[in-house]
Participant: 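Below you will find the structure I want to go over with you.
All of these numbers come straight from a predicted model, not from anything done at the bench.
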Amino acid sequence: MRFMVMVKTKPGEEGPPTSEQIADMGRFNEELVQAGVVTTGEGLMPSSMGAKVRFSKSGTTVIDGPFSEAKELVGGFWIFDVKSKEEALDWVRKIPFDEGEVEVRQIAEVEDFAVDEVSAEALEKEREWRDKGWRQPQ
């Protein structure tokens with residue numbers, strides 16, 4: 001089972017980590033890698049460097065950051081490949097944070113889609129994209 005672990009932050013708190021935080025997170029990341037739990041993980045740049053895209057029937061609207069109206073933002077993430085939600089939560093409890101919040105959400109696998117509602121061809125194409133890592137040959 002794969003889980004996305006999203007690190008939450010508040011607008012205005014999106015600063016660079018301290019040297020101590022980088023070292024602590026480096027040790028935690030090394031533990032994740034050695035245990036074969038993490039498939040990827042990244043920190044995100046501040047929302048001031050990003051954009052939101054809103055969709056409506058009349059078209060799309062691009063809103064440049066920062067997103068000061070937001071109550072919380074995603075500041076980074078990991079993808080864990082574990083046997084259960086409980087195992088994912090066990091790893092999350094080890095994150096070296098003094099305070100904060102993370103959200104843990106299971107990733108929908110191809111097998112989770114209702115076969116009677118989605119064609120076998122569409123499911124196979126989804127599986128191919130995931131197996132290739134969503135990248136097309138250059």
Participant: Are any non-hydrogen side-chain atoms of Val92 and Phe80 less than 4.5 angstrom apart?
Facilitator: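 Yes - at least one pair of side-chain heavy atoms lies under 4.5 Å apart.
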Participant: Heavy atoms only: give me the nearest Val102-Phe97 pair and the separation to one decimal.
Facilitator: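 Taking Val102 first and Phe97 second, the nearest heavy atoms are CG1-CE1, 3.8 Å.
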Participant: Looking at Phe67 and Ala51, what are the two nearest heavy atoms and their distance?
Facilitator: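 The answer is CZ-C, 3.5 Å.
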Participant: Do Asn29 and Trp78 make a side-chain contact, defined as non-hydrogen atoms from C-beta onward lying under 4.5 Å apart?
Facilitator: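 Contact flag for Asn29/Trp78 side chains = yes.
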Participant: Which heavy atom of Glu69 sits nearest to which heavy atom of Arg54, and what is that distance?
Facilitator: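 Distance-wise, the nearest heavy atoms are OE2-NH2, 4.4 Å.
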Participant: Does Phe55 belong to the same Ile/Leu/Val/Met/Phe/Trp/Tyr cluster as Val62, with side-chain heavy atoms less than 4.5 Å apart forming each link?
Facilitator: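 In one cluster with Phe55: Val62, yes.
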Participant: Can you find a heavy atom in the side chain of Ile95 that is under 4.5 Å from one in the side chain of Met25?
Facilitator: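 A side-chain contact under 4.5 Å exists here.
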Participant: Please say yes or no: joined through hydrophobic side-chain contacts below 4.5 Å, possibly via intermediate residues, are Phe3 and Val7 part of one cluster?
Facilitator: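 Yes, same cluster.
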Participant: Once side-chain hydrogen bond (donor to acceptor under 3.5 Å, both in side chains) is applied, do any residues pair with Glu30, and if so which ones, sequence neighbours excluded?
Facilitator: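 Glu30 satisfies side-chain hydrogen bond (donor to acceptor under 3.5 Å, both in side chains) with Gln34 only.
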Participant: Provide the closest heavy-atom pair for Arg93 versus Asp90 in the form atom of the first, atom of the second, distance.
Facilitator: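 Smallest heavy-atom distance, with atoms named: NH1-OD1, 3.1 Å.
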Participant: Is there a path from Leu32 to Val82 through hydrophobic residues (I, L, V, M, F, W, Y) whose side chains come within less than 4.5 Å of each other?
Facilitator: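 In one cluster: yes.
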Participant: As an exercise, state the distance from OG1 of Thr60 to NZ of Lys52, rounded to the nearest 0.5 Å.
Facilitator: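 It comes to 15.5 Å.
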Participant: Search all heavy atoms of Leu73 against all heavy atoms of Ala70 and return the closest pair with its distance.
Facilitator: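 Nearest heavy atoms, Leu73 then Ala70: CD2-CB, 3.8 Å.
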Participant: Who are the side chain to side chain contact (heavy atoms under 4.5 Å, CB included) partners of Ser58, not counting sequence neighbours?
Facilitator: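 Listed in chain order: Ser56.
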Participant: Would you give the length of the straight line joining atom CZ of Arg105 to atom NZ of Lys85, rounded to the nearest 0.5 angstrom?
Facilitator: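 Reported to 0.5 Å precision, the distance equals 11.0 Å.
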Participant: Please report the shortest heavy-atom distance between Ser84 and Met1, naming the atom on each side.
Facilitator: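 Of all heavy-atom pairs spanning Ser84 and Met1, the closest is CA-SD, 3.6 Å.
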Participant: Any link between Phe28 and Leu89 through a network of hydrophobic side chains (Ile, Leu, Val, Met, Phe, Trp, Tyr) touching at under 4.5 Å?
Facilitator: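 Same cluster: Phe28 reaches Leu89 through Ile, Leu, Val, Met, Phe, Trp or Tyr contacts under 4.5 Å.
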Participant: How long is the span from the CD1 atom in Ile79 to the CD atom in Glu42, to the nearest 0.5 Å?
Facilitator: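 If we round to the nearest 0.5 Å, Ile79:CD1 and Glu42:CD are 10.5 Å apart.
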Participant: Do the side chain of Ser47 and the main chain of Gly50 share a donor and acceptor less than 3.5 angstrom apart?
Facilitator: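 Not a single qualifying donor-acceptor pair exists.
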